Number of protein chains: 2
Amino acid sequence: MNSTGSISQENYLKAIFKLQNEHGIASNQAIAEKLAATPAAVTGMLRKLTELEWVEHTAYQGAVLTPKGKQIATSTIRKHRLWEVFLVEKLQFKWDAVHQWAEELEHIGDADFTERLDAFLGCPATDPHGDPIPDANGDWAGNERVILADVLACNQEFTVRGVSNSASDFLRHLDALNIQLGKQFSVVEHFPFDGSWEWKDESGVNVRVSREVASQLLVELNRPQMSSKSQ
Amino acid sequence: MNSTGSISQENYLKAIFKLQNEHGIASNQAIAEKLAATPAAVTGMLRKLTELEWVEHTAYQGAVLTPKGKQIATSTIRKHRLWEVFLVEKLQFKWDAVHQWAEELEHIGDADFTERLDAFLGCPATDPHGDPIPDANGDWAGNERVILADVLACNQEFTVRGVSNSASDFLRHLDALNIQLGKQFSVVEHFPFDGSWEWKDESGVNVRVSREVASQLLVELNRPQMSSKSQ
DNA sequence: ATAATTTTTTAATCTTGCCTAAACAATAGC
DNA sequence: GCTATTGTTTAGGCAAGATTAAAAAATTAT
């Protein structure tokens with residue numbers, strides 16, 4: 001039940017998994033782009049992964065994971081995200097610096113190792129970017145409670161729960177704006193002209209947020225609270 | 001000052017470092033044996049490491065590390081041993097199970113990463129097998145305070161400080177004998193016939209230790225204590 | 001000192017994973 | 001329905017690291 005691939009193979013499975021979730025199938029070109037490789041390299045690797053029965057690949061169509069391939073992919077993602085938690089919470093890395101190391105650490109260890117790491121970290125539900133950590137069976141919990149920032153109405157209160165972009169420069173920008181996961185804001189105003197926002201945090205401090213930033217935040221709408229005057 | 005090699009290169013440097021400490025020079029064959037490779041593979045890699053100026057290699061003689069090569073080797077050993085501490089103390093692995101994983105983890109991270117890990121672990125002086133952890137400059141502290149078991153005289157008290165063999169079966173055998181690092185014993189009797197020993201631990205429990213086991217233990221002799229009658 | 005043995009090196013090949021360039025499908029435009 | 005474009009696959013190669021088998025050097029033995 002628990003075999004494992006080479007580093008390169010695991011990276012392909014991860015990429016295919018994510019593309020499959022977005023588009024139903026992983027095109028050769030999309031895989032190549034995600035892995036910074038050429039489409040020709042992808043064709044070669046897909047042949048190998050097909051032989052291993054970790055993907056089903058139809059020539060000129062695209063690739064889809066088999067159950068076995070999906071198991072390896074989710075296990076790799078699980079390890080990646082657990083290591084990110086370790087790096088931030090235990091080694092005090094900033095959240096924009098953990099991806100590169102987790103990218104290497106995710107290929108180490110077996111199921112026992114992973115469960116020990118998970119237990120040591122207190123079985124975290126999400127990584128430092130708010131992405132859910134799949135459980136040991138590869139199942140995802142609570143992936144659906146986060147929604148895009150666009151739907152926010154005036155005065156709406158919400159909590160920042162995740163980012164849909166983990167690039168260092170974006171994360172450092174959030175740091176500069178003093179926006180952290182779990183922090184609660186309310187909408188002051190929305191400016192349709194450029195799509196930017198003005199928000200207020202819980203201590204009454206206002207932040208201006210560009211459309212580019214807001215559109216990459218995953219938020220959870222707070223249960224509408226009775227305002228002091230309407231009560 | 002802080003460059004780094006490929007995984008394979010780092011493993012060669014580690015092997016050469018250890019052989020050099022034992023024999024002054026690392027022969028082609030000894031390296032091959034340590035890395036479970038063929039001598040031909042070693043010749044090829046030594047050529048590369050010589051180009052990189054990490055080793056000095058004289059044909060048909062052997063290899064010696066340059067300062068740069070030594071720095072990479074000790075840094076790799078430092079990381080290996082820090083990770084072993086992590087695996088035992090934080091993830092609750094048994095001490096006979098950590099080597100394989102540390103062997104992979106040791107190739108990950110830069111100097112900053114390593115120092116964060118070190119700080120998180122409380123700057124341990126030794127790994128779970130009692131081997132000293134070199135500091136960030138590659139210097140070794142207290143390597144000399146451990147000596148071989150052969151010199152023990154009757155009634156001598158001593159503390160087990162390390163093992164000169166970290167093979168799983170040996171370590172599990174020590175577990176079965178209830179011998180742990182830091183534990184104190186006194187010599188009851190030595191049997192020259194087969195070189196075996198009888199020892200007594202602090203709670204008065206006797207252990208029989210074969211020559212094979214005793215010769216792989218590194219111990220520290222306790223300051224001779226006045227026995228109750230001789231005082 | 002010469003022969004026998006051991007160790008090291010060379011030479012040719014393999015595997016994994018990648019690349020470029022060219023050929024081949026599939027889709028889109030008209 | 002035929003051409004133009006886009007995406008995919010083949011073909012040939014390269015680099016790292018390893019292998020086996022044979023040649024060369026060094027060491028040991030007589």
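All of these numbers come straight from a predicted model, not from anything done at the bench.
Between the B/R161 side chain and the B/L218 main chain, no donor and acceptor come within less than 3.5 Å of each other.
In this structure, CE of A/M45 is placed 10 Å from C1' of C/dC18, rounded to the nearest angstrom. Rounded to a whole Å, the CG atom of A/L35 is 12 Å from the C1' atom of C/dC18.
Contact annotation for A/A36: backbone-only contact, meaning every heavy-atom pair under 4.0 Å involves sugar-phosphate atoms and none involves a base. Contact annotation for B/T38: base contact, defined as any heavy-atom pair under 4.0 Å involving a base atom. B/A41 comes within 4.0 angstrom of a base, heavy atoms only.
Using a 4.5 Å heavy-atom cutoff, the side chains of B/T4 and B/D110 are not in contact. Residues B/L174 and B/W95 meet the side-chain proximity criterion, which asks for heavy atoms closer than 4.5 Å. No side-chain heavy atom of B/D127 sits less than 4.5 Å from a side-chain heavy atom of B/P132.
With rounding to the nearest 0.5 Å, the separation of CG in B/L105 from CG in A/L105 is 6.5 Å. The distance from atom CG of B/N28 to atom OG1 of B/T43, rounded to the nearest 0.5 Å, is 4.0 Å. Remark: B/I16 CD1 to B/Q20 CD distance equals 8.0 Å, nearest 0.5 Å.
The cationic group of A/K90 lies under 6.0 Å from the six-membered ring centre of A/F120 and within 45° of the ring axis, placing it in a cation-pi geometry.
More than 12 heavy-atom neighbours from other residues, nucleotides or ligands sit within 6.0 angstrom of CD on B/E115.
Between its two ends, the helix from C/dA1-D/dT30 to C/dC30-D/dG1 turns its axis by 0°, counting five pairs per end and rounding to 10 degrees.
Between chain A and DNA chain D, the heavy-atom contact criterion of under 4.0 Å yields a 5' to 3' nucleotide range of D/dG7 to D/dT10.
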What does the list of N/O pairs under 3.5 Å between the protein and nucleotides 7-9 of chain C look like, with a distance for each?
from, atom 1, to, atom 2, distance (Å)
C/dT7, OP1, B/Q29, NE2, 3.3
C/dT7, OP2, B/Q29, OE1, 3.4
C/dT7, O5', B/Q29, NE2, 3.4
C/dT8, OP1, B/N28, N, 3.3
C/dT8, OP2, B/Q29, N, 2.9
C/dT8, O3', B/Y60, N, 3.3
C/dT9, OP1, B/Y60, N, 2.9
C/dT9, OP2, B/N28, ND2, 2.4
C/dT9, OP2, B/T43, OG1, 3.1

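Note: A/F86 and A/W83 have perpendicular aromatic rings, judged against thresholds of 30 and 60 degrees for the angle between ring planes.
For the residue pair B/D194/B/S210, the side-chain donor-acceptor check at 3.5 Å is not satisfied.
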